[in-house]
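Take a look at the structure below.
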Amino acid sequence: MAKLSKEKIAEEVAAKGFELVDASNYENINSEIDVKCKNGHTFRTSLVSVRSVSFCCPHCDRTLFVNPNVVPQKNGYRVIAFDQATEKFGLSIFDNGELVFYNLYSFTGHLDNRLTQIRNFIRDVVIKE
């Protein structure tokens with residue numbers, strides 16, 4: 001695949017609602033480029049990230065999501081994701097591809113006890129809710 005021109009990169013970035021600031025380090029779609037959002041935040045990313053469906057400004061994105069205190073009612077197709085740790089257990093819930101809840105839970109004791117606590121947590125809290 002041929003190397004994209006600065007103009008083509010700027011077009012792709014603009015199509016996502018951003019402005020290309022600097023593409024002087026561009027060699028391929030994984031190279032770092034600098035872009036600016038409509039709120040004036042400048043950040044470094046790559047064309048691979050820009051092409052992603054979920055591409056957004058990392059500064060603005062932090063202020064948009066407010067994590068609720070309880071798991072919200074299911075709204076459409078739900079995906080529940082867990083991390084793979086046994087002491088600090090992360091839970092994320094997505095409805096229709098949008099993050100709607102996340103939290104970090106701590107489990108203590110011997111490994112067998114922690115695994116039992118995690119199993120009970122998943123059964124009693126996650127599955128029932």
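In this chain, numbering begins with 1 at the start of the sequence shown.
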_Residue pair S31 / N25: nearest heavy atoms and the distance that separates them_ = CB-O, 3.6 Å
*Within a strict 4.5 Å, meaning less than it, do heavy atoms of the F89 and L104 side chains meet?*
no
*Give me the ring orientation class for H59 and F43: parallel if the planes are under 30° apart, tilted from 30 to 60°, perpendicular past 60°.*
perpendicular
*Is the closest side-chain heavy-atom distance between E12 and L4 below 4.5 Å?*
yes
_Pairwise side-chain contact, D95 with F101, heavy-atom cut-off 4.5 Å (strictly under)_ = no
_Looking at every non-hydrogen atom in both residues, tell me the closest pair between N30 and S46 and how far apart they are._
O-CB, 3.8 Å
*Any side-chain heavy atom of F18 sitting closer than 4.5 Å to one from T45?*
no
*Starting at OH of Y26, measure out to CD1 of I33 and round the result to the nearest 0.5 Å.*
8.5 Å
*Hydrophobic cluster membership, V48 vs V21, 4.5 Å side-chain cutoff*: no
*Please report the shortest heavy-atom distance between V35 and F55, naming the atom on each side.*
CG2-CZ, 4.4 Å
*Rounded to the nearest 0.5 Å, how far apart are CG of N103 and CD1 of I93?*
9.5 Å
*Is there side-chain contact between R123 and N120, with at least one heavy-atom pair below 4.5 Å?*
yes
*Residue list, salt bridge (charged side-chain N to carboxylate O under 4.0 Å, His left out) with E98, at least two apart or on another chain*: none
*Calculate, to the nearest 0.5 Å, the distance between atoms OG and CD belonging to S106 and Q117 respectively.*
10.5 Å
*Among all residues two or more places apart in sequence or in another chain, which pass the salt bridge (charged side-chain N to carboxylate O under 4.0 Å, His left out) test with D83?*
none
*Please say whether more than 12 non-hydrogen atoms of neighbouring residues, nucleotides or ligands are located less than 6.0 Å from NZ in K8.*
no
*Hey, does the side chain of N96 reach the backbone of N75 with a donor-acceptor pair shorter than 3.5 angstrom?*
yes
*Answer whether the closest heavy-atom distance between the side chains of I118 and F82 falls below 4.5 Å.*
no
*Common cluster, F121/L115, ILVMFWY with side-chain heavy-atom separation under 4.5 Å*: no
*Hey, could you give me the OG1/NZ distance between T42 and K36, rounded to the nearest 0.5 Å?*
5.0 Å
*asked:* Taking S24's backbone N and O only, do any of them form a donor-acceptor pair with D22's side chain (distance below 3.5 Å, no angle check)?
replied: yes
*asked:* Using the salt bridge (charged side-chain N to carboxylate O under 4.0 Å, His left out) criterion, which residues pair with E87? Sequence neighbours excluded.
replied: R114
*asked:* Just verifying a value: how many Å separate R119 CZ and D124 CG, rounded to the nearest 0.5 Å?
replied: 9.5 Å
*With rounding to the nearest 0.5 Å, note down the distance linking CD1 in I29 to OG in S49.*
10.0 Å
